[in-house]
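Have a look at the structure below before the remarks.
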Amino acid sequence: MKVLVVGNGGREHAIAWKLLQSKKITQVICIPGNGATAARSDCQNFYLRVDDFAGIARCALVNGSSLVVVGPEQPLALGITDYLRSQNLTVFGPTKEGAQIESSKSWAKALMQEAGIPTPRAAVFTNLEAAKAYLAAEGAPIVVKVDGLAAGKGVTVATTVQQAQDALADLFQNPHQKVVLEEFVPGQEVSILALTDGLTIRPLLPAQDHKRIGEGDTGANTGGMGAYCPAPIATPELMKRIQEKILEPTVAALQKRGIDYRGVLYAGLMITPQGEPKVLEFNCRFGDPETQAILPLLETPLEDLLLACTNQKLADFPPIEWKSGAAACVVVAAGGYPEAFRKGDAITGIEQAEALGAIVFQAGTHLKQRQLVTEGGRVLGVTGVGETLESAIAQAYAGVNCIQFEGMYCRRDIGSAGK
Ligand code: GLY
């Protein structure tokens, strides 16, 4: 069986890596892939844009791909699934309509409010004056969110009214902007990535992401600087509540709107100090870097799970099997990230890291005349797996310590909240 994976990040490398552990998978085709998938003999990269739907469809058909897995949100929001399905391809990932759960915060809020899903109070604005009046009444802290996709950078947690006003003034420079102002809810965040066939929904192990660039969760927001799994805050009792109060009602609400959603529903939750889960956001795809910490623990063949979703057979699927223990993924970024960052620096030490047992997922890398060089902001995700979270973290950092490239940066406190 051949599978085509759309995307070029650590998430997509982890998906390809996991699929290729199965004897059933003979080849993974990556569009566009990265330095890691370029180097594997059982992978083939095709350098097409992720929004070149006709090119991707041709590539899948010519190469006989039985399944297309879409990694990033942008092509989903643009309707890649609708197009590929119209070409009789089997696609894991929601349609354009379903992807609105991530591509429009206001659409997702309305769905949650209608379905009674616990989520912070919020209001949607299309002009600065109305937003400022609401802000004056609400005060700070408050959360300012861009309505559309913003690559993880569309959220400002304003601790003062002035900060919120500055964020609003900045956003409304775009006259077509839509902004959500949301109640600030304190607590601990957890990422629940669940697989759904549009009828049934099954969560994967809970994970926790580290979104800020600096240790102690300080500094600018990023796409994610590391993750660990399972996150102990999501106890079995809490997971049951999340299933009953959030995941199942969301699938029912999507169904009620006539949306055929087959893919990942990723619930970004805040667990309040009282232990209540509230949805901060939904994403319509696997999380990154969470996937790099979750998939190394998965025992069930990934392709079986993905096909159960695309064939609407998830209700009959046996319980998902997991390795015991934990995994931790440390993201190694290029100097300057998440602002302008360096590119083209030679990367060394991956083999040494792997010899210590770490799994090195590549993200912003490129194979240039046989030399692996940096190409993106998040360059590598180094994952350790162990019987305990401590041993997983130790293995991940032992791996990181082998890696070298000019200006490399990582947080040194990944997983500390889970210990
Ligand atoms: N780690 C956050 C995300 O995937 O959106």
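Start at 1 and go down the list; that is how both ligands and their atoms are numbered. The first residue in the sequence is number 1, and the count goes up from there.
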Should you measure from each heavy atom of [X], which atoms of ligand 1 turn up under 4.0 Å away?
X: Gly287; value: 4 (O)
X: Glu290; value: 1 (N), 2 (C), 4 (O)
X: Gly223; value: 1 (N), 2 (C)
X: Asn283; value: 5 (O)

Excluding sequence neighbours, so at least two apart, what forms side chain to side chain donor-acceptor pair (under 3.5 Å) with Ser104?
->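 Per chain and number, Ser104 pairs via side chain to side chain donor-acceptor pair (under 3.5 Å) with Ser106, Asp147.
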
Neighbour count above 12 (heavy atom, 6.0 Å) for Lys368 NZ |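 It does not: Lys368 NZ has 12 such atoms or fewer within range.
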
Positive for side-chain hydrogen bond (donor to acceptor under 3.5 Å, both in side chains) with Glu114, one of Arg257, Lys109, Lys256 |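 Looking at Arg257, Lys109, Lys256, the match for Glu114 under the side-chain hydrogen bond (donor to acceptor under 3.5 Å, both in side chains) is Arg257.
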
Below 3.5 angstrom, do we get any N/O pair linking Glu281 and ligand 1?
->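 Among all N and O atoms of Glu281, none is under 3.5 Å from an N or O of ligand 1.
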
Please tabulate, for the side chains in residues 396-408, all donor-acceptor contacts under 3.5 angstrom to protein atoms that are two or more places apart in sequence or on a different chain.
{"residue": "Tyr397", "atom": "OH", "partner": "Arg411", "partner atom": "O", "Å": "2.6"}
{"residue": "Tyr397", "atom": "OH", "partner": "Asp413", "partner atom": "N", "Å": "3.3"}
{"residue": "Tyr397", "atom": "OH", "partner": "Ile414", "partner atom": "N", "Å": "3.1"}
{"residue": "Asn401", "atom": "OD1", "partner": "Arg412", "partner atom": "NH1", "Å": "3.0"}
{"residue": "Asn401", "atom": "OD1", "partner": "Arg412", "partner atom": "NH2", "Å": "3.2"}
{"residue": "Asn401", "atom": "ND2", "partner": "Tyr397", "partner atom": "O", "Å": "3.1"}

Shortest non-hydrogen contact between Ala293 and Ala227, atoms and distance |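 Looking at all heavy atoms of both residues, the shortest contact is CB-O, 3.9 Å.
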
So is [X] touching ligand 1 or not, going by heavy atoms under 4.0 Å?
X: Phe286; value: no
X: Gly268; value: no
X: Gly224; value: no

Do the two ring centres, one from Tyr134 and one from Phe125, sit under 6.0 Å apart?
->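 So the answer is yes for these two rings.
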
Gln395 and Ser391: side chain donor to acceptor below 3.5 Å |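 Distance-only check fails for Gln395 and Ser391.
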
Ligand 1-proximal atoms of Arg285, by part, heavy-atom distance under 4.0 Å |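 Side chain only.
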
